[in-house]
Visitor: 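Encoded as structure tokens, here's the structure I'll be asking about.
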Amino acid sequence: MSDTYPLSNLAAIDAAHHLHPFSDMKKLNADGTRIIQRGEGVHIFDSHGKKYLDGFAGLWCVNIGYGRKEIADAVAKQMNELPYYNTFFGTTSSPTTLLAEKVTSKAGPRFNHIFFTGSGSEANDTWFRMARVYWAAVGKPQKKTVIARRNGYHGSTVAGASLGGMKYMHEQGDLPIPGIVHIGQPYWYGEGGDLTPAEFGLKVARELEAKIDELGEENVAAFVAEPIQGAAGVIIPPETYWPEIDRICKARNILLVTDEVICGFGRLGEWFGHQYFGVEPDFAPIAKGLSSGYLPIGGVLVSDRIADVLINEVGDFNHGFTYSGHPVCAAAALENLRIIEEEKLVERVRDDIGLYFAKKWGALAEHDFVGEAESIGLMGGLQLAADKKTRTRFEKPDPIGSLVRNHALANGLVLRATGDRMLASPPLVIRHEEVDEMARIAKLALDAAWKELRA
Ligand SMILES: *Cc1c(COP(=O)(O)O)cnc(C)c1O
């Protein structure tokens, strides 16, 4: 492309024709899009040749890092052999079926089936329908309502955005759709008040119990949550939270859904987030790290309890996507999982680099500008605070994080900002010295933003 269109023109063409997701388009068109041209390991390079350490793994997804030729080769081979076929009418392709076996083998004994989708949003739409179909099939058709959380993120389709608890998304397009209600989030720093984290974790978990009582257990299908809230700012729940949620779901006979789109595939140092927290979900939507983002593919892990009913009672589940189990995407995912296994990336996060990252990222909490800096595995959240001693947040949190992010970018590090929180999620292959580099630039960016704010 760059031969035909000089890169200087590309930004103008982009401004003229391309609408970007989650972007202030007027501002973006004025500022000009950054054009990312190449990736290698944990680094990306823009059209000016500037190199960045990608502390965010693309969008939480490039778990094995950029530029892995093995994936390109596996994709080319499959592309030449069979570029596409569907899974609808009694057919499959070998990478698709082998991927089903491989993924479920990592998800523990409760999961033996997967339903493939093209994305994480579609995965959430899929279990949302499947849960209702399940309850109808076992004679409880009124169990329909799904409970989700404020500031959860479950994608951008109509059901996904409704399940999500982002106010700024609900405001556009009349969401949430009926049958979805939200409870509080385990965000101790922001909302815990005088409670200890442990007390607060129990308190928010018990909002689930109260909501089930209010709606009537006979009307509630499921509860959905990310093991760790991602888009909300990498909010790590207090230790008391997940065991209590698990207990409540079991006691009240409602399905538990852990949205593993970020936490899956090694990010927390286990294959899946539910394994890290020791809970027993009925569904687990997945995507992102499934193919390390090399090609779009997602799915829903379906527990035996549900799969048995779907197979033996429901028969036909009238749902599916043209690209459900796309053979080329499946080939990319299979190769990705082979690499994760062979290079022991999950164990590496758990026993080595995740611990090192925790030390370096955690040390940023010493900064005057930082209220707390936490991580599990290679997923880190950092709270910016106006006054760290009193746990006081900024009155207008919104542009605060972007200040830090922009300084980090200028210094060659990609971090994400959500309001007054900084988010990190580097590729699982990141080396120790690259973690040092991340921490060094993050500190620089904090210094610069802090200075700017106080001026
Ligand atoms: C990214 C994300 C999704 C949506 O996935 P898409 O592939 O963008 O549709 C859903 N849930 C969580 C937790 C996510 O982070």
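Counting starts at 1 for both ligands and their atoms, in listed order.
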Visitor: Looking only at protein heavy atoms, which one is nearest to atom 11 (N) of ligand 1, and how far off is it?
Guide: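 So the nearest neighbour among protein heavy atoms is Asp259 OD2, 2.8 Å.
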Visitor: Please examine the side chains of Leu290 and Leu99, heavy atoms only from C-beta on, and report whether any two atoms are closer than 4.5 Å.
Guide: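 Yes, close enough: below the 4.5 Å cut-off.
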Visitor: Using a 4.0 Å cutoff against the non-hydrogen atoms of Gly120, which atoms of ligand 1 qualify?
Guide: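 Heavy-atom distances to Gly120 below 4.0 Å select 4 (C), 5 (O), 6 (P), 7 (O), 9 (O).
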Visitor: For the side chain of Ser324 and the backbone of Thr322, is there at least one donor-acceptor N/O pair under 3.5 Å apart?
Guide: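 The answer is no, because no donor-acceptor pair under 3.5 Å joins these two groups.
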Visitor: Which of the atoms in ligand 1, numbered in the order shown and given with their element, are less than 4.0 Å from a heavy-atom of Ile262?
Guide: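 The atoms of ligand 1 under 4.0 Å from a heavy atom of Ile262 are 15 (O).
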Visitor: So, the side chain of Asp316 versus the backbone of Asn318: is there a donor-acceptor pair under 3.5 Å, distance only?
Guide: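 No: the side chain of Asp316 does not pair with the backbone of Asn318.
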Visitor: Counting from 1, what ligand 1 atoms have a heavy atom of Glu226 closer than 4.0 Å?
Guide: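 Every atom of ligand 1 under 4.0 Å from some heavy atom of Glu226: 13 (C).
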Visitor: Which one holds for Asn124 and ligand 1: side chain close, backbone close, both close, or neither close, with close meaning a heavy atom under 4.0 Å?
Guide: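 Side chain only; the backbone of Asn124 stays clear of ligand 1.
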Visitor: Answer yes or no: is there an ion pair linking Asp282 with Arg305, defined by an N-O contact shorter than 4.0 Å?
Guide: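 Here Asp282 pairs with Arg305 in a salt bridge, since their nearest N and O are under 4.0 Å apart.
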Visitor: Which label fits His43 and Phe45: parallel for a plane angle under 30°, tilted from 30 to 60°, or perpendicular past 60°?
Guide: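 Because their plane-to-plane angle lies in the 30° to 60° range, the rings of His43 and Phe45 count as tilted.
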Visitor: Ignoring hydrogens and angles, state whether a donor on the side chain of Gln383 or Arg421 is under 3.5 Å from an acceptor on the partner side chain.
Guide: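 Yes, Arg421 and Gln383 have a side-chain donor paired with an acceptor closer than 3.5 Å.
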Visitor: Record the part of Lys288 in heavy-atom contact with ligand 1 below 4.0 Å; permitted values are side chain, backbone, both and neither.
Guide: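 For Lys288, the contact with ligand 1 is made by the side chain alone.
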Visitor: Under a 4.0 angstrom heavy-atom cut-off, which atoms of ligand 1 come close to Ser119?
Guide: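 Result: 7 (O), 9 (O).
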Visitor: Taking only heavy atoms of His154 into account, list the atoms of ligand 1 that are under 4.0 Å away from them.
Guide: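 Counting from 1, the qualifying ligand atoms are 10 (C), 11 (N).
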Visitor: Mark up the atoms of ligand 1 that fall under 4.0 Å of a heavy atom belonging to Ser121, in ascending order.
Guide: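 Selected atoms, number and element: 4 (C), 5 (O), 6 (P), 9 (O).
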Visitor: What is the closest protein heavy atom to atom 13 (C) of ligand 1, and at what distance does it sit?
Guide: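 Nearest neighbour among protein heavy atoms for atom 13 (C) of ligand 1, to 0.1 Å: Tyr153 O, 3.3 Å.
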Visitor: Going by distance alone, is a donor N or O of one side chain under 3.5 Å from an acceptor N or O of the other, for Tyr52 and Asp46?
Guide: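 Judged by distance alone, the side chains do pair up.
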